[in-house]
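In what follows, a single structure is set out as structure tokens and then discussed.
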Amino acid sequence: QVQLVESGGGLVHPGGSLRLSCAASRSIFIGVMGWYRQAPGKERELVADLTSTGSTNYADSVKGRFAISRDNAKRTVYLQMNSLKPEDTAVYYCNYKLGSVYWGQGTQVTVSS
């Protein structure tokens with residue numbers, strides 16, 4: 001079992017930045033870490049993921065604005081979000097895949113003036 005705890009969400013103005021963190025209860029050195037989001041009335045979608053070899057994958061809507069990274073020593077994955085737009089408003093979920101799939105509880109990000 002792996003527990004994932006997200007933090008760093010909040011309210012930000014358009015054009016602003018936030019950094020989300022996801023702390024894992026055990027080593028995440030092997031496996032795929034990712035961030036997903038779900039806006040009201042919409043399906044959950046992949047934002048970005050990162051493999052243990054360093055390969056990244058981003059949704060087209062966030063390319064050039066968001067960056068995913070991991071600190072294996074801290075068992076933490078980050079999502080740096082820049083140039084935020086109102087359409088980025090959603091609950092953001094951390095995800096870990098290694099055979100099984102694990103989810104965090106989610107953190108709300110609201111982009112509004």
Side-chain angles (χ1 to χ4, degrees):
Q1 286 285 343
V2 180
Q3 282 75 49
L4 304 172
V5 179
E6 301 101 332
S7 60
L11 172 65
V12 63
H13 293 312
S17 298
L18 281 176
R19 188 176 81 155
L20 305 183
S21 300
C22 173
S25 60
R26 65 170 178 82
S27 174
I28 55 169
F29 183 74
I30 298 173
V32 181
M33 294 296 301
W35 287 96
Y36 289 70
R37 66 187 181 187
Q38 187 166 19
K42 296 187 176 181
E43 293 187 354
R44 192 172 296 188
E45 62 175 0
L46 173 69
V47 176
D49 63 23
L50 173 62
T51 71
S52 55
T53 60
S55 296
T56 57
N57 179 40
Y58 292 93
D60 288 343
S61 60
V62 307
K63 284 181 181 177
R65 300 188 298 123
F66 290 12
I68 188 171
S69 61
R70 66 200 290 170
D71 185 330
N72 291 324
K74 295 182 178 180
R75 304 195 304 268
T76 300
V77 64
Y78 304 98
L79 184 68
Q80 178 67 44
M81 306 186 294
N82 300 323
S83 302
L84 282 160
K85 304 175 181 180
E87 50 264 43
D88 295 317
T89 295
V91 178
Y92 283 70
Y93 296 91
C94 181
N95 168 280
Y96 175 60
K97 293 189 284 285
L98 180 62
S100 299
V101 179
Y102 304 92
W103 292 93
Q105 81 288 351
T107 184
Q108 176 70 47
V109 172
T110 302
V111 185
S112 175
S113 55

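Going from atom CG of N72 over to atom NZ of K74 covers 12.0 Å, rounded to the nearest 0.5 Å. The OG1 atom of T76 sits 8.5 Å away from atom CE of M33, with the distance rounded to the nearest 0.5 Å. Rounded to the nearest 0.5 Å, atoms CZ (R75) and OH (Y96) are 11.5 Å apart. With rounding to the nearest 0.5 angstrom, the CZ atom of R37 is 5.0 Å from the CG atom of D88. If you take CG on L18 and OG1 on T107, they are separated by 9.0 Å, rounding to the nearest 0.5 Å.
When hydrophobic clusters are built by joining Ile, Leu, Val, Met, Phe, Trp and Tyr residues whose side-chain heavy atoms come closer than 4.5 Å, directly or via intermediates, M81 is not grouped with L11. L20 and Y58 end up in the same hydrophobic cluster when Ile, Leu, Val, Met, Phe, Trp and Tyr side chains are linked at under 4.5 Å. I68 is connected to V109 through a chain of hydrophobic side-chain contacts under 4.5 Å among Ile, Leu, Val, Met, Phe, Trp and Tyr, so both are in one cluster. Hydrophobic clustering, with ILVMFWY side chains joined whenever heavy atoms are under 4.5 angstrom apart, keeps Y93 apart from L98. Side-chain heavy atoms closer than 4.5 Å link hydrophobic residues (I, L, V, M, F, W, Y) into clusters, and following such links, possibly through other members, connects F29 to V2.
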| Audit row: W35, V77, side-chain contact (heavy atoms from CB on, under 4.5 Å) steps and yes/no | CA-CA 9 Å; W35 287 96; V77 64; 4.0 Å; yes
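Closest heavy-atom contact between P14 and S113: CD-N, 3.7 Å. Counting all heavy atoms, side chain and backbone alike, I28 lies closest to A24 at CG2-CB, 3.4 Å. Residue Q1 comes nearest to R26 through the heavy atom pair O-NE, 3.5 Å, listed as atom of the first residue, atom of the second, then distance.
Looking at C94 and W103, their side chains never come closer than 4.5 Å, going by heavy atoms from C-beta outward.
Formation of a donor-acceptor pair under 3.5 Å by the E6 side chain with backbone atoms of G106 is found in this model. Of the possible polar contacts, one joining the T89 side chain to the V111 backbone as a donor-acceptor pair under 3.5 Å is found. At least one donor-acceptor pair closer than 3.5 Å links the side chain of R70 to the backbone N or O of T51. Judged by distance alone, the side chain of Q38 and the main-chain N or O of A90 form no donor-acceptor pair under 3.5 Å.
A 6.0 Å sphere centred on CD of E43 holds no more than 12 heavy atoms belonging to other residues, nucleotides or ligands. Within a 6.0 Å sphere centred on NZ of K97, other residues, nucleotides and ligands contribute more than 12 heavy atoms.
In this structure, R44 forms no cation-pi arrangement with Y36, as its terminal cationic atom is not both closer than 6.0 Å to the ring centre and no more than 45° off the ring axis.
Between the side chains of T110 and S112, no donor-acceptor pair is found at a separation under 3.5 Å.
Classified by interplanar angle (parallel below 30°, tilted 30° to 60°, perpendicular above 60°), the ring pair Y92/F66 is tilted.
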